[in-house]
Peer 1: 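Mind looking over this structure? Questions follow.
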Amino acid sequence: MDRIPYGRQDINEQDIEAVVEVLRSDFLTQGSAVPAFESSVAQHCGAAYSVAMNSATSALHLSCLALGVGRGDWVWTSAITFVASSNAALYCGASVDFVDINPQSYNISVECLAEKLCKAEKIGKLPKVVIAVHLCGQSCDMKAIHMLGKRYGFKIVEDASHAIGGDYMGQPVGSCLYSDITVFSFHPVKIITTGEGGVAVTNDQALAKKMTLLRSHGITNSIDELIERPLNEIWNYQQITLGFNYRMTDIQAALGLSQMQRLGEFVDKRRSLAASYDEFLGNLPIIRPWQSEEAKSSFHLYVIRVQKARCGKSQKEIYASLCEAGIGVNVHYIPVYRQPYYESIGFVAGHCPEAERYYKEAITLPLFPALTKSNHEKVVTVLKKVLP
Ligand SMILES: *Cc1c(COP(=O)(O)O)cnc(C)c1O
């Protein structure tokens, strides 16, 4: 039997039709689908501006650049995230550091952040930007992080790669009420997909303009940005800064726009599958995902924790049994600073103890809208069998 993956895309005929329509049109890139997709995401979030890119990694990179991150600056993020959250800062020549996680939410710990900021202030090494990652789709405590930002003068990027469709204090994730920029990923395992792709939303026009310029080589054709030159030297565009080609294609944007119409349906399905896991795994000696009262998760991931002292089996043993049964489990994530690359730039084990404890116990169960009832039941049955 086929292996059940931990996540996968859900593409219907309407999505396919939308992509085919672009393929038959005049513009495969730089056409009208990208702005339409951008508007759709901005509108969903209630954010003023939206810049689509070829990945969330690119969007994180340009977020950092737009906020002025460069050599000599510090950028902090959570120890438990995908490597792209911190790589983005390294691309800018900045130094990165990691903050330990909250033992309940597994998001960045506000207490650890506050403590670390207090120490950093004394030695003059305060971060320029903090990247708050909404792990599994559940928002961080943004209000508290925002207050620390005001006090210590750092900017805030929300890495909401997992969290489109989630809510925080009654507002959609991406409202940017407590941050400067929010970034979404549309990789196929995420909530909606464009194949590869990402969007940065913001309420700050200047940041949106900078990211728009940087995603397309630093080239502008806008009258108010063109540098004055003799008339015969002004063509229709100028490169005014060093940018990148981080553009999303219209093929991708058309898929994204079609998927946005299904966002509500996808998130409802994920929440209902998560609720079923909660129900059926309720009696097992494992830790199920904790849900904050302030945030409604989009449930990109359903992470359980297994503690040998409690259930008699280690994470590795249970992970192996699930794999053997054809269940595509995963671990999200290895603490970023334990990656060989990060160790090569000086990080050592023990830096964030709570993150390391989490890493030794976490297992991600399959969760995606197209997960069938029988596959969902299979995961539950196998877990019940391997756990006493
Ligand atoms: C997937 C992911 C990214 C990177 O997204 P891409 O679109 O693949 O570049 C960044 N941060 C987190 C937390 C992610 O899960």
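These numbers come from a predicted model, not from an experiment. One-based numbering, in listed order, for ligands and for the atoms of each.
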Peer 1: What do you reckon, does Y333 put a non-hydrogen atom under 4.0 Å from ligand 1?
Peer 2: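 Per 4.0 Å heavy-atom rule, Y333 contacts ligand 1.
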Peer 1: Please identify which atoms of ligand 1 are closer than 4.0 Å to at least one heavy atom of T81.
Peer 2: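 Near T81, meaning under 4.0 Å from one of its heavy atoms, ligand 1 has 13 (C).
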Peer 1: For atom 10 (C) of ligand 1, find the nearest protein heavy atom and state the residue, atom name and distance (0.1 Å precision).
Peer 2: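 Closest protein heavy atom to atom 10 (C) of ligand 1: S161 OG, 3.4 Å.
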Peer 1: Which is it for A56 and ligand 1 at heavy atoms under 4.0 Å: side chain, backbone, both or neither?
Peer 2: both
Peer 1: How close does the nearest protein non-hydrogen atom get to atom 15 (O) of ligand 1, and which residue and atom is it?
Peer 2: H162 NE2, 2.7 Å
Peer 1: In this structure, which one of V386, L387, V380 forms a side-chain contact (heavy atoms from CB on, under 4.5 Å) with L284?
Peer 2: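 Single side-chain contact (heavy atoms from CB on, under 4.5 Å) partner of L284 among V386, L387, V380: L387.
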Peer 1: Within the 4.5 Å heavy-atom criterion, are R271 and S297 side-chain neighbours or not?
Peer 2: no
Peer 1: Taking the side chain as everything from C-beta on, heavy atoms only, tell me whether L90 gets closer than 4.5 Å to Y342.
Peer 2: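 A side-chain contact exists here, since the closest heavy-atom pair is under 4.5 Å.
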Peer 1: Go through the side-chain N and O atoms of Y337 and D97 and say whether any donor and acceptor fall under 3.5 Å apart.
Peer 2: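 No, D97 and Y337 have no side-chain donor paired with an acceptor closer than 3.5 Å.
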Peer 1: Can you tell me if G197 contacts ligand 1 (heavy atom of the residue under 4.0 Å from the ligand)?
Peer 2: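 Yes; G197 lies near enough to ligand 1 that a heavy-atom distance drops under 4.0 Å.
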Peer 1: Using a 4.5 Å cut-off on heavy atoms from C-beta on, say whether the side chain of L383 contacts that of I318.
Peer 2: yes
Peer 1: Less than 4.5 Å apart, any side-chain heavy atom of Q138 and any of W290?
Peer 2: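 Contact flag for Q138/W290 side chains = yes.
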Peer 1: How far is atom 4 (C) of ligand 1 from its nearest protein heavy atom, and which residue and atom name does that atom have?
Peer 2: T57 OG1, 3.6 Å
Peer 1: Name the closest protein heavy atom to atom 1 (C) of ligand 1, giving the residue it belongs to and the distance to 0.1 Å.
Peer 2: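 Heavy-atom neighbour on the protein nearest atom 1 (C) of ligand 1: K190 NZ, 1.5 Å.
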Peer 1: Counting each atom of ligand 1 from 1 as listed, which ones have a heavy atom of S55 under 4.0 Å away?
Peer 2: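 Checking each atom against S55, I get 7 (O), 9 (O).
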Peer 1: H134 and side-chain contact (heavy atoms from CB on, under 4.5 Å): which single residue from S78, S161, C140 fits?
Peer 2: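 That would be C140.
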Peer 1: Look at atom 11 (N) of ligand 1 and find which of V199, D159, N87, V133 reaches it with the closest heavy atom.
Peer 2: D159
Peer 1: When you measure from atom 5 (O) of ligand 1 to each heavy atom in S85, A163, S185, which option holds the nearest one?
Peer 2: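 Minimum heavy-atom distance to atom 5 (O) of ligand 1 goes to S185.
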Peer 1: Between atom NE2 of H217 and atom CG of L242, what is the distance when rounded to the nearest 0.5 Å?
Peer 2: 11.0 Å
Peer 1: Would G198 count as a contact of ligand 1 if the rule is a heavy atom under 4.0 Å away?
Peer 2: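 False for this residue.
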